[in-house]
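Here is the structure we will look at.
Not measured: the values here are computed from a predicted model. What's counted below: heavy atoms across the whole structure, side chains too, no hydrogens, waters or symmetry copies.
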Amino acid sequence: MKSKFSAVLTALLVLASTVNARAADLIDTAVAAGNFKTLAAALGAADLVDTLKGPRSFTVFAPTDDAFAKLPPGLVDSLLKPENKAKLASILTYHVIPDAVKAEKVVTMSGAVTLNGQRIDIATGDGGVQVDAASVIQADIVCDNGVIHVIDSVILPSDKSLVETAQATDGFSTLVAAAQAAGLVDALTGPGPLTVLAPNDEAFASLPAGTIESLLQPENRQKLADILKFHVIPGRVYSDQALQAGSAKTLQGSAVQFFNGNGGATVNGAKLLALDLDASNGVIHVIDTVLIPPAKNASVDPRSTIRHTIAKGSALFNSGHHAACATLYEETLTGLMDADVDHQLKGHMSHVLSSAGSCSCPTTRAWTLRHGLDQMYAQLAD
């Protein structure tokens, strides 16, 4: 009996020892694997070892030594120098998701925000899983504080600021010139992060003749700055986050409204043409219209505004311009979100705008907005 008990105890001790041996953190697991020597050295040089050995769970897309060897000659040695510590840390944290995500979930994702702040793109196809331009060659190395997926290339985050990104992209020369004239370049090249709703050159060209030239005059610098700040949201807000939230406050002080209807995603009626362009200090969403902020501290009579809007909108609708009518109603409701009305009415406006955003037919959208305006007009009379 004693012999049998001893055998069982020995087996349990061996099992416990095996479990403990397997329970290693992300760093220890990578070091033990033997093919992550460069990654381990880089994490040490960037002072990220303690972070990845801590209790918080992470997912690491880990480049092998061969992956680092693909980089241009001398780049790794340069990054390991103390003066490049911040740049190295930016690259390494771009390989880390602040959560434990196994392969079964990774294959359902189109992207993920990294510890760096920028978002990686994830694509799953016949060739396997791609993370940006890298391929996952081994998945689900489970550690006691996360999971490792091995990739065959080092992925690099954007190292250009918002302004540099705009300058390097065709179609934003007017926006860059306006930011320079308004004295906003320093803010848009600073640490941020910021989200820019970037009108392209065509959007500026569609403004009334002479508008741009007037705004670029020194005496109109504050007005120009207010308009541009109405296109900037504090923080790095990706498109799915913006559309889910529905609204966001801008640097100008007023809020913009996001909608995702059958006609596509919009912000204050402007179409979102390109989404989630990463910069080192933020993200850019390209829009097709210059947004005009509501006047600050203006005394607004919501009832009078609605009455005039309905009169103008009815004329447009009756002339067959249903889309223009809907846009007018939408812009009025969006502007009234900053008016001095109670929270219940603001909730009503938000609901109406959301409902209209799901309408693909301009006629239906116009009637939805008109009905909401009528209801608001009646409530304001009470």
Apply side chain to side chain contact (heavy atoms under 4.5 Å, CB included) to residues K53 and D28 and explain how you reach the verdict. CA-CA 8 Å; K53 287 180 73 69; D28 292 342; 3.0 Å; yes
When you measure from the side chain of D278 to the backbone N and O of Q118, does any donor-acceptor pair fall under 3.5 Å? no
If we ignore hydrogens and angles and just use 3.5 Å, is the side chain of S319 paired with the main-chain N or O of H321 as donor and acceptor? no
All side-chain hydrogen bond (donor to acceptor under 3.5 Å, both in side chains) counterparts of T332, not counting sequence neighbours: T309
Charged N to carboxylate O below 4.0 Å: is that the case for R370 and D374? yes
Taking all non-hydrogen atoms of both residues into account, name the closest pair between D65 and G34 and its distance. OD2-O, 4.1 Å
Q379 (side chain) donor-acceptor with L345 (main chain) under 3.5 angstrom: no
Roughly how far apart are D159 CG and E164 CD, rounded to 0.5 Å? 8.0 Å
With a 3.5 Å distance limit and no angle check, can you tell me whether H149 reaches the backbone of V60 through a side-chain donor-acceptor pair? no
Do V286 and F204 sit in the same hydrophobic cluster, where Ile, Leu, Val, Met, Phe, Trp and Tyr count as joined when their side-chain heavy atoms come under 4.5 Å apart? yes
What's the separation between atom CD in Q138 and atom CD1 in I148, rounded to the nearest 0.5 Å? 9.0 Å
Joint cluster assignment, L224 & V176, ILVMFWY side-chain distance < 4.5 Å: no
The test is side chain to side chain contact (heavy atoms under 4.5 Å, CB included); show your working for F230 and V290 and say whether it passes. CA-CA 10 Å; F230 191 54; V290 178; over 6 Å; no
Any side-chain heavy atom of L333 sitting closer than 4.5 Å to one from L369? yes
Would you say S57's side chain and D99's backbone share a donor-acceptor pair under 3.5 angstrom? no
Side chain of N145, backbone of L52: donor and acceptor closer than 3.5 Å? yes
With a 4.0 Å cut-off, would you call D140 and K102 a salt bridge? no
Before you tell me yes or no, could you show the steps for D201 and T174 under side-chain hydrogen bond (donor to acceptor under 3.5 Å, both in side chains), namely the whole-Å CA-CA distance, both residues' side-chain angles and the distance that decides it to 0.1 Å? CA-CA 6 Å; D201 289 339; T174 308; 3.2 Å; yes
Near N318 CG, under 6.0 Å, is it more than 12 heavy atoms from other residues, nucleotides or ligands? yes
Determine yes or no for a side-chain-to-main-chain donor-acceptor pair under 3.5 angstrom, with T211 supplying the side chain and L207 the backbone. no
Just do the side chain to side chain contact (heavy atoms under 4.5 Å, CB included) check on V352 and H348 with the steps written out, would you? CA-CA 6 Å; V352 171; H348 166 76; 3.6 Å; yes
Any chance you could lay out the side-chain hydrogen bond (donor to acceptor under 3.5 Å, both in side chains) test for N220 and S214, step after step, and finish with the verdict? CA-CA 7 Å; N220 292 325; S214 175; 3.3 Å; yes
Say you draw a straight line from CG of N84 to CG of D77; how long is it, rounded to the nearest 0.5 Å? 11.5 Å
Checking S161 against N281: is there a side-chain donor and acceptor pair closer than 3.5 Å? no
Provide the closest heavy-atom pair for A182 versus L228 in the form atom of the first, atom of the second, distance. CB-CD1, 3.9 Å
Minimum-distance pair of heavy atoms, taken over all atoms of I212 and A205: CD1-N, 4.3 Å
A179 versus L188, closest heavy-atom pair with distance: CB-CD1, 4.2 Å
Assigning hydrophobic clusters by single linkage (Ile, Leu, Val, Met, Phe, Trp, Tyr; side-chain heavy-atom cutoff under 4.5 Å), is L71 placed with L92? yes
Say you draw a straight line from CG of N116 to OG1 of T114; how long is it, rounded to the nearest 0.5 Å? 4.0 Å
Does the side chain of D240 pick up a donor-acceptor pair with the side chain of Q244 at under 3.5 Å? no
So does E219 have more than 12 non-hydrogen atoms from other groups sitting under 6.0 Å from CD? yes
So OG1 of T165 and NZ of K160: to nearest 0.5 Å the spacing works out to 7.0 Å
Take L26 and F58 through the test side chain to side chain contact (heavy atoms under 4.5 Å, CB included) and record every step on the way to the result. CA-CA 8 Å; L26 291 158; F58 296 102; 3.8 Å; yes
Looking at Y377, is R307 sitting on its ring face, NZ or CZ under 6.0 Å from the six-membered ring centre and within 45 degrees of the normal? no
Determine whether D121 and S110 satisfy the following criterion, side-chain hydrogen bond (donor to acceptor under 3.5 Å, both in side chains), listing intermediate values before the conclusion. CA-CA 6 Å; D121 294 323; S110 60; over 6 Å; no
With respect to I233, which candidate in V196, V283, T195 satisfies the side-chain contact (heavy atoms from CB on, under 4.5 Å) definition? T195
Determine whether T266 and L272 make a side-chain contact, defined as any pair of heavy atoms from C-beta on separated by less than 4.5 Å. no
Test question: given the 4.5 Å side-chain rule for I, L, V, M, F, W and Y, name all other residues clustered with V106, or answer none. F61, Y94, I97, V101, V107, M109, I120, I122, V129, V131, V136, I151, I155
Check: S239 main-chain N/O paired with D276 side-chain donor or acceptor under 3.5 Å: yes
Heavy-atom pair with the smallest gap, counting every atom of A181 and L216: CB-CD2, 3.7 Å
Note, D152 side chain near K70 side chain (heavy atom, < 4.5 Å): yes
P63 and S153: which non-hydrogen atoms are nearest, and at how many Å? CB-O, 4.1 Å
Test: R119 cationic atom under 6.0 Å from Y238 six-membered ring centre, within 45° of axis: yes
When you compare the side chains of T64 and N35, does any donor N or O come within less than 3.5 Å of an acceptor on the partner? no
Looking only at atom types and distance, does a side-chain atom of R365 sit under 3.5 Å from a main-chain N or O of A323, one as donor and one as acceptor? no
Does the side chain of V267 come within less than 4.5 Å of I287's, by heavy atoms? yes
Could you measure the distance from the CZ atom of R56 to the OG1 atom of T51? Nearest 0.5 Å is fine. 9.0 Å
Donor-acceptor under 3.5 Å (T93 side chain, A89 main chain): yes
